[in-house]
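Below is one structure, written out as structure tokens; comments come after it.
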2 protein chains.
Amino acid sequence: MIDKQSPIPIYHQLEEYIKQLIENGKLKPDEAIPSEREYSEQYQISRMTVRQALNNLVNDGYLYRQKGRGTFVNKQKVEQKLQGLTSFTEDMKERGMVPSSRLISFEIIPAEPQLARKLDIKENTPVYEIKRVRMADSLPMALETTYLPANLVKGLTEEIINKSLYQHIEEKLSLTIREATQQIEASIAKETEVNHLQVESGSPVLLIVRTSFLEDGTPFELVKSAYRADRYKFVHTMQRAAK
Amino acid sequence: MIDKQSPIPIYHQLEEYIKQLIENGKLKPDEAIPSEREYSEQYQISRMTVRQALNNLVNDGYLYRQKGRGTFVNKQKVEQKLQGLTSFTEDMKERGMVPSSRLISFEIIPAEPQLARKLDIKENTPVYEIKRVRMADSLPMALETTYLPANLVKGLTEEIINKSLYQHIEEKLSLTIREATQQIEASIAKETEVNHLQVESGSPVLLIVRTSFLEDGTPFELVKSAYRADRYKFVHTMQRAAK
DNA sequence: TATTTTTAGTTGTATAGACCAAAAAGTTCT
DNA sequence: AGAACTTTTTGGTCTATACAACTAAAAATA
């Protein structure tokens, strides 16, 4: 299990080994794992090395410790899943619904000052503007407008949009979205939203504005969405930095 | 600076000391801090102890390391701040506003089935119910109801609530909140919300339900808030898990 | 039987040292 | 001046050990 001759650090080998056991369910939540000294003796490695492995797993949320009692397996976190999702499609699949879209408009427009600032491009730089009604299980869920700098995503077609814009971006253009900032607020449905979402006037909507960034920090897209409040709830898990 | 006789661990003292220097701006982003060996010699402590302090600061995002070069101060991240905040007070301070509260009611009630399930306690177990109007710069911002299992937080008084509930929990009871799940949705202000938040009937509100968990995963509190949509925007940065 | 004390086991803190690998700085040679 | 080599400094990994703080179970005591 542990190869001392390997160029891979011992603590890392142990870390991966324990992580496997947890993810395979061989170690169950709240179950105690062997003590540090047990690992130390079993694999003939220093206890400090074992601690390094366990500390990393504690920091990653896989384990938790209790002084005088032992080290235990943490509950699997939904958070991991939620952190990863960036698109409506992924979000809906996660909720067990079937996502679909209806394209309203698709054009290239010059970036207005406000948009240009958010995407960190010059004014009037061409951007794609994609308006879509997003549906879950064939029912209108959100009205979404996506803005993409045209120079970053060339040769976009209606077909690509209808298929999977994200897949195209990640696989064909090999761009990776590293992080996203979301601003969420409540509002009352405007007229276009009333029409496209098929809600009564005066209905509440959840507005989400998401800005995504590439690995080097370049702003990549701006997505403005208006969700039907009666159908959509935003769920989010946050972890506190250890003091 | 470092007191070896103190009951506070040495690594923790060093950690706080360096953190201070960063937050005070005496150490600037991308500036190199003294090497591990320098700290070790200057304070006559083991290099491993220094490493423990630095590792914690790296994990918390205050520092980053480069093999062969040194250890450097990280850029202040908004994200870090956002992840850390758990209370209305912290949130408002972060936004540069002055938070305050007005207590509406404070009592111990038996947990209803739904609440009991969310807090993972038995039905009718006593819980504190605290209703407050939360204000920012003296203007009503949110109507908040907090539920705390009475067995976890004993001897709560009005005074404590008005002072700082979180400080009391973390320092006096030495409980640490590790993570929180939030559900966010949009709605129309109900009558009590209309009254306490001083909005017109039909106004949109942002509803946030937060469940906080302790280090071992025990549910600790449930907070239901209704924010004035015209004054409050929820901001959230998420990072994508590396593939 | 009930209570207190002891004991064994656990994680937490800390030390002193060793060697490695990467980067930077200094030195020598061309 | 520039290139190639050597030395120094830095963080990364690992060992072996010691004692403290805490928990839970066992043993001794009332």
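Keep in mind it's a predicted model, so treat the numbers as computed, not measured. Below, all heavy atoms of this structure are taken into account, side chains as well, without hydrogens, waters or symmetry copies.
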Nucleotide [N], atom [atom2] - distance to [atom1] of [X] in whole Å:
{"X": "B/Glu36", "N": "C/dT15", "atom1": "CD", "atom2": "P", "value": "14 Å"}
{"X": "A/Tyr64", "N": "C/dT11", "atom1": "OH", "atom2": "P", "value": "13 Å"}
{"X": "A/Ile33", "N": "C/dT10", "atom1": "CD1", "atom2": "C1'", "value": "12 Å"}
{"X": "A/Glu41", "N": "C/dT10", "atom1": "CD", "atom2": "C1'", "value": "13 Å"}
{"X": "A/Tyr43", "N": "D/dT15", "atom1": "OH", "atom2": "P", "value": "14 Å"}
{"X": "A/Gln44", "N": "D/dA16", "atom1": "CD", "atom2": "C1'", "value": "12 Å"}
{"X": "B/Arg47", "N": "D/dT10", "atom1": "CZ", "atom2": "C1'", "value": "8 Å"}
{"X": "B/Gln66", "N": "C/dA22", "atom1": "CD", "atom2": "P", "value": "14 Å"}

Would B/Leu152 and B/Phe220 satisfy side-chain contact (heavy atoms from CB on, under 4.5 Å), going step by step from the backbone distance to the final call? CA-CA 8 Å; B/Leu152 285 179; B/Phe220 171 69; 4.0 Å; yes
Measure from the ring center of B/Phe106 to the ring center of B/Tyr128 and say whether it is less than 6.0 Å.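 Distance test on ring centres: under 6.0 Å, yes.
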Which nucleotide in the set C/dT10, D/dG11, D/dT10 lies at the smallest distance from any side-chain heavy atom of A/Glu38?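 The answer is C/dT10.
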A/Ser46 or A/Arg69: which one's nearest nucleotide on DNA chain D is closer to the 5' end?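 The residue closer to the strand's 5' end, by nearest nucleotide, is A/Ser46.
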Answer yes or no: side-chain N or O of B/Arg37 and base N or O of D/dG11 forming a donor-acceptor pair under 3.5 Å.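 A donor-acceptor contact between them is present.
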With B/Val133 as reference, evaluate B/Glu144, B/His196, B/Met141 under the side-chain contact (heavy atoms from CB on, under 4.5 Å) test and give the passing residue.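 That would be B/His196.
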B/Arg134 vs B/Leu143 side-chain heavy atoms within contact, under 4.5 Å: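 Counting from C-beta outward, B/Arg134 and B/Leu143 never come under 4.5 Å.
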Presence of salt bridge, A/Glu36 and A/Arg65, under 4.0 angstrom: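 Looking at A/Arg65 and A/Glu36, the cut-off is met.
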Are the charged groups of B/Glu38 and B/Arg47 less than 4.0 angstrom apart, N to O?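 Salt bridge: no.
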Answer yes or no: does a side-chain N or O of [X] lie under 4.0 Å from OP1 or OP2 of [N]?
{"X": "B/Thr71", "N": "D/dT10", "result": "no"}
{"X": "A/Lys4", "N": "D/dT15", "result": "yes"}
{"X": "A/Ser35", "N": "C/dT10", "result": "yes"}

Would you check, one step at a time, whether the test side-chain contact (heavy atoms from CB on, under 4.5 Å) holds for B/Arg132 with B/Thr146? CA-CA 8 Å; B/Arg132 285 181 285 184; B/Thr146 304; 3.9 Å; yes
Exceeds 12 heavy-atom contacts within 6.0 angstrom, atom NZ of A/Lys19: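 Yes, NZ of A/Lys19 has more than 12 neighbouring heavy atoms, counting only those of other groups under 6.0 Å.
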Stretch residues 48-58 of chain B: residues that reach within less than 4.0 Å of DNA chain C through a heavy atom: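 B/Met48, B/Thr49, B/Gln52, in order of number.
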Does anything in residues 10-22 of chain A reach DNA chain D, meaning a heavy atom under 4.0 Å, and if so which residues?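 Those residues whose heavy atoms fall under 4.0 Å from DNA chain D, taken from residues 10-22 of chain A in numerical order, are A/Ile10, A/Tyr11.
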Parallel, tilted or perpendicular: which fits the ring planes of B/Tyr232 and B/Phe234, with parallel below 30° and perpendicular above 60°?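 If you compare the ring of B/Tyr232 with that of B/Phe234, the planes turn out tilted.
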